[in-house]
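Contents: one structure, followed by commentary.
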Amino acid sequence: MQAAETRGRLSSAIRVWDTFFTVSKNTPQNPKRELTDAEVCDILTQAMADVGAGPDLVYAFKKTGVYGSAENVERLSAKSLDAFDGAVDDYESALKRPVQ
């Protein structure tokens, strides 16, 4: 899969993420608090699934903590993008291996 295509597929997931955190969640029953890393990962993973991101992209995000998209590609280091793209490639290679 081409890196640009991979990043493009995640763009919509990032828009969902931005929308989620733009909406105020601060109510008396739900006071504003810091989210844990695990909660952020779960929210992003769910957002990716909600917009139909492939399991390869979810795997790459969970493995690297990076989500390459058209909106943030210029802010990410080449090393981060390479790690993300490499994780996508690893996922796809694993699917091609014969079952043992």
Side-chain angles (χ1 to χ4, degrees):
M1 176 177 294
Q2 298 296 328
E5 179 186 347
T6 300
R7 288 188 286 277
R9 288 173 52 201
L10 270 179
S11 294
S12 10
I14 303 311
R15 284 191 287 281
V16 170
W17 166 261
D18 289 341
T19 300
F20 180 85
F21 285 101
T22 303
V23 176
S24 174
K25 301 285 183 190
N26 192 9
T27 66
Q29 294 78 24
N30 184 22
K32 191 176 258 182
R33 65 177 178 77
E34 293 289 322
L35 296 173
T36 66
D37 289 345
E39 288 172 319
V40 170
C41 183
D42 289 345
I43 291 166
L44 278 171
T45 301
Q46 185 60 53
M48 289 176 194
D50 289 347
V51 298
D56 55 336
L57 302 180
V58 175
Y59 171 83
F61 166 71
K62 286 185 153 194
K63 183 173 180 182
T64 65
V66 172
Y67 50 92
S69 70
E71 286 85 4
N72 72 353
V73 68
E74 292 178 4
R75 289 177 273 181
L76 295 172
S77 69
K79 183 177 179 179
S80 292
L81 288 174
D82 287 345
F84 181 83
D85 292 339
V88 170
D89 291 342
D90 291 346
Y91 181 90
E92 292 173 351
S93 293
L95 291 179
K96 295 175 186 172
R97 286 188 204 127
V99 178
Q100 300 203 5

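Only this structure's heavy atoms are used, side chains among them; waters, hydrogens and symmetry mates stay out.
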Under 4.5 Å between side-chain heavy atoms, counting indirect links through other Ile/Leu/Val/Met/Phe/Trp/Tyr residues: same cluster for [X] and [Y] or not?
| X | Y | result |
| --- | --- | --- |
| F84 | V73 | yes |
| Y59 | L95 | yes |
| L76 | V88 | yes |

Nearest 0.5 Å please: distance from the [atom1] atom of [X] over to the [atom2] atom of [Y].
| X | Y | atom1 | atom2 | value |
| --- | --- | --- | --- | --- |
| R75 | L81 | CZ | CG | 11.5 Å |
| D90 | D85 | CG | CG | 11.0 Å |
| T45 | K62 | OG1 | NZ | 4.5 Å |

Quiz item: How far apart are the closest heavy atoms of T64 and A87, and which atoms are they?
Solution: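 Smallest interatomic distance, heavy atoms only, reads CG2-CB, 4.0 Å.
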Exercise. Search all heavy atoms of Y67 against all heavy atoms of L44 and return the closest pair with its distance.
Key: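 Answer, listing the atom of Y67 first, then L44: CE2-CD1, 4.0 Å.
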Practice problem: Could you tell me whether the side chain of L57 reaches within less than 4.5 Å of the side chain of F61, counting heavy atoms only? | Solution: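 The answer is no; the side chains never approach within 4.5 Å.
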Quiz item: Side chains of K79 and D82: closer than 4.5 Å at any heavy-atom pair?
Solution: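 Not in contact.
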Quiz prompt | Residues Q46 and D50: side-chain donor-acceptor under 3.5 angstrom | solution =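 The criterion, which ignores hydrogens and geometry beyond distance, is satisfied for D50 and Q46.
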